[in-house]
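Just below is one structure, and these are the notes that go with it.
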Amino acid sequence: MLINGENNYTLQAKKGEVIRFYITNSANTRPFNFTIAGAKMKLVGGDSGAYEKDQWVDAVTLGPSERAIIEVLFEKAGSYAFQNKTPDKTYEIGIIAVSEDSVASSYADSFAVLKTHNEAIKSIDPFRAYFSKESDKKIKLSIELNGDMQKMMGVGSAGGGHMMADGTMMGGNMMEAEPKDGIEWENSMQMMSVIPDTSMVKWKISDQASGKENMDIDWKFKVGDKVKIRITNDPKSMHPMQHPIHIHGQRFLVVKRNGIQNQNLVWKDTVLVQNGDTVELLVDMDNPGDWVIHCHIPEHMEAGMMSQFKVLNRI
Ligand SMILES: [Cu+2]
């Protein structure tokens, strides 16, 4: 795990210094739960600018392509660790060395205040009336294995698990590997990751209304449309795991997660849809052209997990 390309990233700071960090998860597959041990941390921004309001956080969870802006106060001298803290393991991925010299002008007083960001609130206001409308599009995330792959996995054989009519695995290794908290933090399903290629595995975005999948989905919108997209990540799929879903060319708000209204919004272009989760996005279709919506894990995208849509100019 690297920070800015280094496996021993070190940063120098001074006592009393407040540092603003722009964090991008540029990993291929791995989600990060990023934190700085022993320092006070404030979440101020996401993918595309400020949140409506600042909030104190212990850590930020980022899927591939997601971004966060945090501010951190280093009150005392000493060594602070950048960490990736998952439920089972804490990785140290860098160090901030804070010297005894006090910083010339400290922003500690300003840091102590949780601010409201009026610009962000104003940019979201025109969209609030659409938050509770019916979903315009409903998609499901899942996986399909071909016959050879199912045999390899022991599906249907006496020794392994067997497939239920609804596609659920019973018995075999698959159930044990199901992520505990909606996120597969480590590569726990080695066989799924090492053996298969795209001829054996298809990762799927399925449109619930048309029954179409992946690139056969070809939605059409008009500039100015405010489109509600509901995404469900099937917990009963053969490999239940999180998918960072990325939309090109437009911005969106994650208005609801599992039916609960989001109380602190930020403009985004990627949402980490955890295993079993349902998220509702309100997408601002303001950028005409041909675009894609896809999982930001390249292996999943290569194995199908991408759809297309058009945003047409109003005549
Ligand atoms: Cu994916």
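Computed over heavy atoms, backbone and side chain alike; hydrogens, waters and symmetry mates excluded. Start at 1 and go down the list; that is how both ligands and their atoms are numbered. Count residues from 1 along the sequence.
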Applying the side-chain contact (heavy atoms from CB on, under 4.5 Å) test to I297, which of R30, M241, M305 qualifies?
M241
Rounded to 10°, how big is the angle at the Cu ion (ligand 1) from C295 SG to H300 ND1?
130°
Presence of N, O or S from H296 under 2.8 Å of the Cu ion (ligand 1)
no
Does the ring center of F127 lie less than 6.0 Å from the ring center of W267?
yes
Relative to the Cu ion (ligand 1), which of the N, O or S atoms in H243 is the closest?
ND1
Check the angle between the aromatic planes of F82 and F21 and answer parallel, tilted or perpendicular using the 30° and 60° thresholds.
perpendicular
Between the side chains of D269 and H248, is a donor N or O closer than 3.5 angstrom to an acceptor N or O?
no
